[in-house]
Amino acid sequence: MTTRTSWADLAANSAAENVDVGSSSASNGTVGTTSAAGRPVYVPPHLRNRPPSADPPAPTYTGPASSNDRPGYGGSRWAAPRNDRNDYNNRSGYGSGGGGGVRLGGWGGRSGGWDRGRDREVNPFGNDDAEQTLSEQESTGINFDAYEDIPVETSGDNVPPPVNTFAEIDLGEALNLNIQRCKYVKPTPVQRHAIPISLAGRDLMACAQTGSGKTAAFCFPIISGIMRGQAPQRPLRGARTVYPLALILSPTRELSMQIHEEARKFSYQTGVKVVVAYGGAPINQQLRELERGVDILVATPGRLVDLLERARVSLHMIRYLALDEADRMLDMGFEPQIRKIVEQMDMPLPGVRQTMLFSATFPKEIQRLASDFLANYIFLAVGRVGSSTDLIVQRVEFVHESDKRSHLMDLLHAQRANGVHGKQALTLVFVETKKGADSLEHWLCMNGFPATTIHGDRTQQEREQALRSFKSGATPILVATDVAARGLDIPHVAHVVNFDLPNDIDDYVHRIGRTGRAGKTGLATAFFNDNNASLARSLVDLMQEANQEVPAWLTRHAARSFGGRNRRPGGGRFGGRDFRRESSFNRGGSDYYGGGNSAGSYATSGGYGGGYGAGISSAWD
DNA sequence: AAAAAAC
């Protein structure tokens, strides 16, 4: 195959793959090949460039997963590592009877009991089950075994072993049903490791690539634990104070909304109530939802502080605390608020509650901060942390500041020309400032490209409308600030353009992670110029780690630059490292992820993190 | 320096 593949082709192919769910066409010669039947198949990174005879055939997307994938589903018995969960099997209460116990302010506290409320529970899977089945099942035929040699690092005391199936861990019948409804056939690598750790009651700091299933990894154990747990005796406070059992914090309103939607699917008909609270929206409606009972509260920090100060929420009964995008939650902007919530209200102490931190990136200095919130925690790194999956084709182009708009226009024109069914592929354009976002959006619209924008100066209504319009394809170009950089799961994003590069390589990792999700391919194009010199070095390292073609001019830039704070030492391995492994005499302040050369405890080696599998949808961060 | 996050 010739190497002359234009970015427009890549974007078009990527779009084609994302639109045509049943197709498994890889985006280009670097990740694709053709099966004997002439059908293109995805070849995982570690199986590429090998003589065809010596190896078993590359795994193919073979359509609907066989029922063999879940032997004994729901049949195994749960080996309870904690005494307080042993009552699960005795509790016919869940699913057929009363919840038992007093749940002041909880769902059990409503008159009529929880099962009446359950009858009213809106089906979060919608009414189009039959319609969804075909397209989604077609894409669940991924061979997860192909990813068994993904590098995994764990450290900490007595790490529980990973599982291979959901059935092995018996999360409970109701939750298992929801897992099936979500078409999750097998746990992703991060789920295989994180869920047993959480179920064992251990604190966890987990790093896993963007789009790899982190949301479910912390939701399943929480929901399961609440289902099994004793109905708590909630203290009497103000009659209007509610006592959630789990708290999930995230850095943006839209991400909290998304986590809430996912968690509602997972908890459907389990009796576990999930409520979301975030700013920019009328508080009264959120208060009413809370009053109807809450087990799991998903929130952004500001609104939660408000609710705590009004004494409408108490954290006294919190058993589970999860921070999504945990490194962002603990960076300079958020740390004081998080400390207030976690340390200065009535939250149980570390060791009493169970704490789980998740992110795709985890700088060492943030790890150090985070250890304040954890007790005897397990560090887990799955895949090459801080790196992107190599399902994302990364391009860097030298574009002077003054040429950026016309260059973007060229990209979009060519992309439209190559588009599927004449439709513009979804393109997410990141810029540095809110003003810049508005002005670029306006300019794109003036030039015939339907665009919208999302940033912190827009009203919450406008933000949500923009996201909906983008997702639906009505406005196939979304200009965004970093508000959209993390966690958002937007299906069918074919192309991420870093119109302005971020200053931090981790932000870059999260931004490009908006494409190439759940095993799909994607394209990321960055406009680089002299203003981005400090990023050059870490960008080159990252791209090399992800097997990307690095332009020679960029390598020269990197050699010239002194390297910003982003530079990770240690010869370029991006694998996450537990900062506790670093010698206390060896704590250089600039040591970003820890020394990459020290002996790791990779359970397996040689492979590296690719994607995880197609069709496992939604909220994988 | 910017962005995010309460009213």
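This one's a predicted model, so the numbers in the text were calculated from it and none came from an experiment. Throughout, a chain's letter reflects where its sequence line sits, starting with A, and its residues are numbered from 1.
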Quiz item: Within a reach of under 6.0 Å around NZ of A:Lys471, are more than 12 heavy atoms found that belong to other residues, nucleotides or ligands?
Solution: yes
Quiz prompt | Lys/Arg-Asp/Glu bridge criterion (N-O < 4.0 Å) met for A:Asp331, A:Arg328 | solution = yes
Exercise. Look at the side chain of A:Lys214 and the backbone N and O of A:Gln209, then say whether any donor-acceptor pair between them is shorter than 3.5 Å.
Key: yes
Practice problem: Give a yes/no on whether any side-chain N or O of A:Arg253 is located under 4.0 angstrom from OP1 or OP2 of B:dA6. | Solution: yes
Self-check item: Residue mapping more 5' on DNA chain B - nearest nucleotide basis, A:Gln337 or A:Met332
Solution: A:Met332
Quiz item: Base, sugar-phosphate, or nothing: which does A:Gly333 touch, judged by heavy atoms less than 4.0 Å apart?
Solution: base
Quiz item: When you check the phosphate oxygens OP1 and OP2 of B:dA5, does a side-chain N or O of A:Arg463 lie under 4.0 Å from one of them?
Solution: yes
Quiz prompt | Value in whole Å for how far the P atom of B:dA2 lies from CG of A:Asp482 | solution = 14 Å
Quiz item: Between atom CG in A:Asp331 and atom P in B:dA3, what is the gap in whole Å?
Solution: 15 Å
Quiz item: CG of A:Asn532 versus P of B:dA1: gap in Å, rounded?
Solution: 18 Å
Quiz item: Counting any heavy atom closer than 4.0 Å, what does A:Val305 reach on the DNA or RNA strands: base, sugar-phosphate only, or nothing?
Solution: nothing
Practice problem: Measure from CE on A:Met329 to P on B:dA5 and round the result to the nearest Å. | Solution: 10 Å
Quiz item: Could you state the CG-P distance from A:Asp500 to B:dA3, rounded to the nearest angstrom?
Solution: 11 Å
Quiz item: Do A:Arg253 side-chain atoms and A:Gly279 backbone N/O form a donor-acceptor pair below 3.5 Å?
Solution: yes
Quiz item: Rounded to whole angstrom units, what separation is found between the CG atom of A:Asp438 and the C1' atom of B:dA2?
Solution: 15 Å
Quiz item: Does a nitrogen or oxygen in the side chain of A:Thr433 sit under 4.0 Å from OP1 or OP2 of B:dA1?
Solution: no
Quiz item: Which is true for A:Asp306 with a 4.0 Å heavy-atom rule: it touches a base, it touches only sugar-phosphate, or it touches nothing?
Solution: base
Exercise. Can you tell me the distance, in whole Å, between the CD atom of A:Glu432 and the P atom of B:dA3?
Key: 7 Å
Quiz prompt | Sequence-distant partners of A:Ser256, side chain to side chain donor-acceptor pair (under 3.5 Å), two or more places apart | solution = A:Ser250
Quiz item: For B:dA5, does either OP1 or OP2 sit under 4.0 Å from a side-chain N or O belonging to A:Thr252?
Solution: no
Quiz item: So does A:Lys434 get a side-chain nitrogen or oxygen closer than 4.0 Å to the phosphate oxygens (OP1/OP2) of B:dA4?
Solution: yes
Practice problem: Return the value, rounded to whole Å, for the distance between atom CG of A:Leu308 and atom P of B:dA6. | Solution: 12 Å
Quiz item: Any donor-acceptor pair under 3.5 Å joining the side chain of A:Asn503 to the base of B:dA1?
Solution: yes
